[in-house]
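These notes concern the structure reproduced below.
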Amino acid sequence: MNVPLLIARRYFSSKKKRNIISIISNISMVGVAVGTTALIIVLSVFNGLEDLVRSLYGKSDPDLVVTAVQGKSFELTAPLLVRVQRTPGVRMVTEVIEDNALLQYRDRQMVVKMKGVSANYQHQSNIDSAIVDGNSGLQREGRDYALLGAGVQHELSIALDNRFAPMRLLYPKAGKFKVSMDPDAYFTQKNILAGGVFLIEQRIDDSYVFVPLDFARDLLNYGTRRTGLEVKVKDGQDIESVQQTLRERLGPTFKVLNSDEQHVSLLKAIKVEKMFVFITFAFILLIASINIFFSLSMLVIDKKKDMAVLMAMGADQRTIRNIFLFEGAIVAQVGAIVGLVLGVSICWIQQTFHVVSMGMATSVVDAYPVKMQLSDIVLTGIAIVFITISVSIRPALNASRLDVRDNL
């Protein structure tokens with residue numbers, strides 16, 4: 001038998017036992033309430049972060065992207081392009097060539113993500129709304145222009161539309177070469193003017209440069225190959241149904257990715273972190289509920305005579321066991337209900353009034369993002385029920401095995 005229970009049985013009167021049982025039960029309820037509140041708040045914050053990631057990337061993500069299953073590029077034939085364009089629900093298709101390239105400006109240089117896009121990209125991505133300086137046009141008056149992320153412009157101190165100092169993009173040539181001091185032997189080079197600066201999301205702003213499709217094709221020597229096709233779905237059409245239709249039409253050699261699947265690793269990381277946080281807080285709830293075990297064990301000691309009388313009057317072991325299980329459930333569920341109410345209230349206040357700020361001037365949102373989901377409340381309730389049964393079953397079984405003759 002547990003040492004604290006032996007001490008309580010030997011040294012305390014019945015009244016003191018009841019007081020201690022009451023105190024432990026109250027502590028249990030408070031512990032469960034605090035743990036439940038914390039669990040609801042933390043899970044809601046993770047939901048808010050997940051939605052924030054979707055909203056940030058959604059500004060630049062196409063509805064669907066078609067890429068090759070093997071390799072980073074595929075041959076784009078006229079029948080293939082027509083097949084995608086004529087898929088029901090497809091409004092627009094943008095051809096894309098994307099790869100790393102070296103960007104030089106004056107005496108500075110950096111590796112960037114060069115993304116060559118066809119002329120309809122402005123209508124595909126609504127890039128106009130993200131332009132903070134310059135013009136969004138990639139071709140003007142027969143001249144090619146590049147759109148730079150704000151981070152790229154800042155890193156290289158690039159001046160817009162500077163015809164005397166254009167940017168230079170370099171890409172390694174394929175094949176084997178003789179040793180030479182001439183960089184032209186190893187790199188294909190093309191000059192282009194900076195026409196505009198966009199501000200979308202830090203990851204994109206710090207690394208991306210948008211150029212006309214023909215410019216990227218000539219620099220990378222891609223010919224008719226493309227790294228992807230960005231698909232814009234018609235308004236009112238279900239993206240998942242269009243995605244499924246495209247998969248059936250294109251076959252197993254192509255991947256058709258929606259917005260979430262384009263950033264699957266990032267969203268998966270958030271979900272995994274949320275799962276581990278849930279498991280961690282569930283263990284904290286279990287520890288907080290250990291007091292229920294002690295309070296029920298002491299209650300069994302205190303109520304032996306009462307149980308013996310009930311059993312003498314005809315109560316069976318199942319009835320006695322259920323009494324103590326019900327007692328443990330009351331303690332846990334009262335704490336859980338209080339915790340759920342507090343957690344939901346705090347999350348609602350944060351959602352409505354943005355009480356807790358991020359505390360950083362450079363953050364993309366002013367307050368911590370919070371989003372409540374019914375599934376989190378249900379999972380929390382299930383976890384509390386499981387924990388309650390786990391900590392209550394042993395004292396209840398001990399009570400049901402009471403010897404009537406020894407306690408009357």
With [X] via side chain to side chain contact (heavy atoms under 4.5 Å, CB included) - residues at least two apart:
| X | answer |
| --- | --- |
| I279 | M275, F283 |
| E155 | M110 |
| N135 | R140 |
| E230 | P62, V65, T94, V96, K115, Y121, Q124 |

Can you tell me if [atom1] on [X] sees more than 12 non-hydrogen neighbours from other groups inside 6.0 Å?
| X | atom1 | result |
| --- | --- | --- |
| E240 | CD | no |
| Q202 | CD | no |
| Y368 | OH | no |
| K113 | NZ | yes |

Which heavy atom of [X] sits nearest to which heavy atom of [Y], and what is that distance?
| X | Y | answer |
| --- | --- | --- |
| T36 | A336 | CG2-O, 3.8 Å |
| G31 | L285 | O-CD2, 4.4 Å |
| N191 | F215 | O-CE1, 3.5 Å |
| G195 | L160 | C-CD2, 4.3 Å |

[X]: ring pair (Phe, Tyr, Trp, His ring centres under 6.0 Å) partners, not counting sequence neighbours:
| X | answer |
| --- | --- |
| F198 | F210 |
| F353 | W348 |
| F254 | F74 |

Are [X] and [Y] side-chain neighbours, meaning at least one heavy-atom pair lies under 4.5 Å?
| X | Y | value |
| --- | --- | --- |
| I158 | L103 | yes |
| V242 | V90 | yes |
| L213 | L138 | no |

What pairs meet the salt bridge (Lys or Arg N to Asp or Glu O under 4.0 Å) rule with one or both residues in residues 82-103, with sequence neighbours excluded?
-> K72-D99, E95-R226
By salt bridge (charged side-chain N to carboxylate O under 4.0 Å, His left out), which residues pair with [X], not counting sequence neighbours?
| X | value |
| --- | --- |
| R217 | D214 |
| K271 | E50 |
| K255 | none |
| D63 | none |

Only one of I41, I40, V42 passes side chain to side chain contact (heavy atoms under 4.5 Å, CB included) with S44; say which it is.
-> I40
L342, D376, V370 screened by side chain to side chain contact (heavy atoms under 4.5 Å, CB included) with C347, the one that passes | V370
Going through the distances and angles, do Q243 and E261 end up as a side-chain hydrogen bond (donor to acceptor under 3.5 Å, both in side chains)?
-> CA-CA 12 Å; Q243 180 185 17; E261 291 168 341; 2.8 Å; yes
Decide whether a cation-pi geometry holds between R225 and Y222; the criteria are a distance under 6.0 Å from NZ or CZ to the six-membered ring centre and an angle within 45° of the ring axis.
-> yes
